[in-house]
Student: 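Here you go, one structure.
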Amino acid sequence: MKVGIDKLHFASSHLYVDMAELATARKEAPDKYLIGIGQSKMAVIPPSQDAVTLAANAAAPMLTAEDIAAIDLLIVATESGVDNSKAAAIYVAQLLGLDRRVRTVEMKEACYAATAGVKLAQDHVRVHPAKKALVIGTDIARYGLHTPGEPTQGGGAMAMLISAEPQVLALADDSVLLSQDVMDFWRPLYHTTALVDGKYSSNIYIDYFQDVFKTYLNEQQANIADFKALTFHLPYTKMGLKALQSVLPLASETQQAALLAHFEHARQLNRQVGNLYTGSLYLSLLSLLLTDASLAADDLIGLFSYGSGAEGEFYTGRLQPNYQLGLDQGLPQRLARRRRVSVAEYEQLFNGQLALTAADQTIDIADDPHRFVLVGQQNEQRQYRDQWL
Ligand code: COA
């Protein structure tokens, strides 16, 4: 029996800032952001969206009544949690109208946790093939204004339905993991933005990829030529390019060109959104599947997941014949329709998040077209609204 990703659907914001404009405002050469970092646009997440609403907005459009009836496991992976105790997944399950007999949990390990979710869901469905699991990676990447990490922000959520006989990607049981205590990126409880040793984290990322990918090749007696495409966690798209380039010497010249060409497809949508933390690898997978017309059924796709702190995993999946049916086909158009905000407006939205105080607060939702929104806080409880009701 095959188990894997049956559907993928993405949600982000209706707002973005242009990276060339941001570079100019920060007195940097635009090409540093456009080429050196590899980002063209950065999603600007308004105060009316948080990890919960992004997750619900990502999942709701892809779920049929039959899916909702079959889901008995919801894993929400995030490092942008909204409560120290209560799982974001409980709010999400309520907004989506999932059955009350569902296991709901929030998972955390920086940008890696959605992969843990996918692999746990894979095992769960293998044991309960009539059931489905919903895994959502949802985050708002915040490094702070005027910091080196600023151009590597962004935000959004990727929802994935894991089932038996999946439409999109049948997952193998071949993971190679690496987990060690590394202080490359972290966010102490008293910070709303991440602390990061940027250069160090980029080096650790490459080291982890080299380690798990080469171990995979040894363990599986595989060759880089077996892969149609390699996909990566993309905190910024140049990061994935560097990782890919680090293993290209293993490939023939023809295959090097092919892997680089597939990578361009795999970073196309991430280039327009920015960092997503947990959802980033899976937006890259979706980008590849939506934009690369040269893919075919049974192609082997490699996935490298990385979370600072640090944990890495390399695993694979095989493309299924009707994979296009499980994809968020409207995503490129939705990204193209977003509204461009000025750097001043982006800064205002960045600083307008719900304050971390006990006071009642109201958030202006007039400009937010998404179905699920955060409207404020009352009696120290976050208030969510379904704008369709
Ligand atoms: N044209 C083209 N490229 C240019 C350029 C220009 N005018 N000016 C600079 N660049 C290139 C640099 O050569 C560099 O490329 P390289 O890494 O391939 O050498 C890149 O742009 C970035 O420049 P750099 O000076 O290294 O940027 P920075 O010190 O401001 O910070 C990060 C870059 C990624 C370290 C920083 O944004 C960060 O800390 N991000 C968060 C951490 C992160 O995402 N880590 C990833 C692992 S999870």
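Note that ligands are numbered from 1 as they come in the structure, with each ligand's atoms numbered from 1 the same way.
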Student: Looking only at non-hydrogen atoms, which of Asp31, Thr147, Ile206, Leu234 approaches atom 2 (C) of ligand 1 most closely?
Tutor: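 Looking at heavy atoms only, the winner is Asp31.
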
Student: Between Leu8 and Leu327, is any pair of side-chain heavy atoms under 4.5 Å apart?
Tutor: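 Yes - at least one pair of side-chain heavy atoms lies under 4.5 Å apart.
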
Student: Counting heavy atoms only, which of Pro235, Gly198, Pro148 is nearest atom 36 (C) of ligand 1?
Tutor: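 Residue with the shortest heavy-atom distance to the ligand atom: Pro148.
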
Student: Determine, using heavy atoms of Glu150 and all atoms of ligand 1, whether some pair is separated by less than 4.0 Å.
Tutor: no

Student: Is a side-chain donor-acceptor pair under 3.5 Å present for Arg271 with Ser40?
Tutor: yes

Student: Check whether the side chains of Gln49 and Asp368 place a donor and an acceptor atom closer than 3.5 Å, and report yes or no.
Tutor: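 The answer is yes; a qualifying pair exists.
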
Student: Is ligand 1 under 4.0 Å from a heavy atom in the side chain of Thr152, in the backbone, in both, or in neither?
Tutor: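 For Thr152, the contact with ligand 1 is made by the side chain alone.
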
Student: Using distance alone, with no hydrogens and no angle criterion, decide if Gln329 and Gln324 have a side-chain donor and acceptor under 3.5 Å apart.
Tutor: yes

Student: Within ligand 1, which atoms have a heavy atom of Gly149 less than 4.0 Å away?
Tutor: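 So the answer, numbered in order with elements, is 37 (O), 38 (C), 40 (N).
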
Student: How are the rings of Phe209 and Phe213 set to each other: parallel, tilted or perpendicular (split at 30° and 60°)?
Tutor: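 Because their plane-to-plane angle is under 30°, the rings of Phe209 and Phe213 count as parallel.
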
Student: As an exercise, state the distance from CG of Asp50 to OG1 of Thr78, rounded to the nearest 0.5 Å.
Tutor: 9.0 Å

Student: Give me the nearest non-hydrogen protein atom to atom 28 (P) of ligand 1 as residue plus atom name, then the distance to 0.1 Å.
Tutor: Lys32 NZ, 3.7 Å

Student: Hey, is atom 25 (O) of ligand 1 under 4.0 Å from any protein heavy atom?
Tutor: yes

Student: Side-chain donor-acceptor pair under 3.5 Å between Thr115 and Glu313, yes or no?
Tutor: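 The answer is no; no qualifying pair exists.
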
Student: Counting heavy atoms only, which of Gly36, Ala243, Gly309 comes nearest to atom 11 (C) of ligand 1?
Tutor: Gly36

Student: Which is closest to atom 43 (C) of ligand 1 in terms of heavy atoms, Ser201, Ala23, Gly38, Ala110?
Tutor: Ser201

Student: Are any of the N/O atoms on Ala29, whether in the backbone or the side chain, positioned under 3.5 angstrom from an N/O atom of ligand 1?
Tutor: no

Student: List every atom of ligand 1 that sits less than 4.0 Å from any heavy atom of Lys238, numbering the atoms from 1 in the order shown and giving each element.
Tutor: 15 (O), 16 (P), 18 (O)

Student: For Leu389, I'd like to know if atom CG has over 12 heavy atoms of other residues, nucleotides or ligands within 6.0 Å.
Tutor: yes

Student: Mind checking whether Tyr143 has a heavy atom under 4.0 Å from ligand 1?
Tutor: yes

Student: If we count only N and O atoms by modelled type, under 3.5 Å, do the side chains of Thr237 and Asn270 hold a donor and an acceptor together?
Tutor: no

Student: Are Lys242 and ligand 1 in contact, using a heavy-atom cut-off of under 4.0 Å?
Tutor: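 The answer is yes: ligand 1 sits under 4.0 Å from a heavy atom of Lys242.
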
Student: Going by the order shown, which atoms of ligand 1 are within less than 4.0 Å of some heavy atom of Val196?
Tutor: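 Answer for ligand 1: 42 (C).
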
Student: Can you pull out the closest protein heavy atom to atom 33 (C) of ligand 1? Residue, atom name and distance to 0.1 Å, please.
Tutor: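 Here the closest protein heavy atom is Ile37 CD1, 3.9 Å.
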
Student: Quick one: look at Tyr236 and ligand 1, take heavy-atom pairs under 4.0 Å, and tell me if it's side chain, backbone, both or neither.
Tutor: side chain

Student: Any N/O of Ser308 closer than 3.5 Å to an N/O of ligand 1?
Tutor: no

Student: Between Asp184 and Ser201, does any side-chain donor sit less than 3.5 Å from a side-chain acceptor?
Tutor: no

Student: Less than 4.5 Å apart, side chain to side chain, heavy atoms only: is that true for Thr231 and Leu281?
Tutor: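 Answer yes - side chains close enough.
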
Student: Any protein heavy-atom neighbour for atom 9 (C) of ligand 1 (distance below 4.0 angstrom)?
Tutor: yes

Student: Could an N or O of ligand 1 be found under 3.5 Å from any N or O of His233, whether backbone or side chain?
Tutor: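 By distance alone, the answer is no.
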
Student: With atoms numbered from 1 as shown, which atoms in ligand 1 lie under 4.0 angstrom from a non-hydrogen atom of Lys199?
Tutor: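 Counting atoms of ligand 1 from 1, those under 4.0 Å from Lys199 are 24 (P), 26 (O), 28 (P), 29 (O).
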
Student: Using the six-membered ring wherever Trp is involved, compare the ring planes of Phe185 and Tyr277 and label them parallel, tilted or perpendicular (cut-offs 30° and 60°).
Tutor: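 Answer is perpendicular, since the angle exceeds 60°.
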
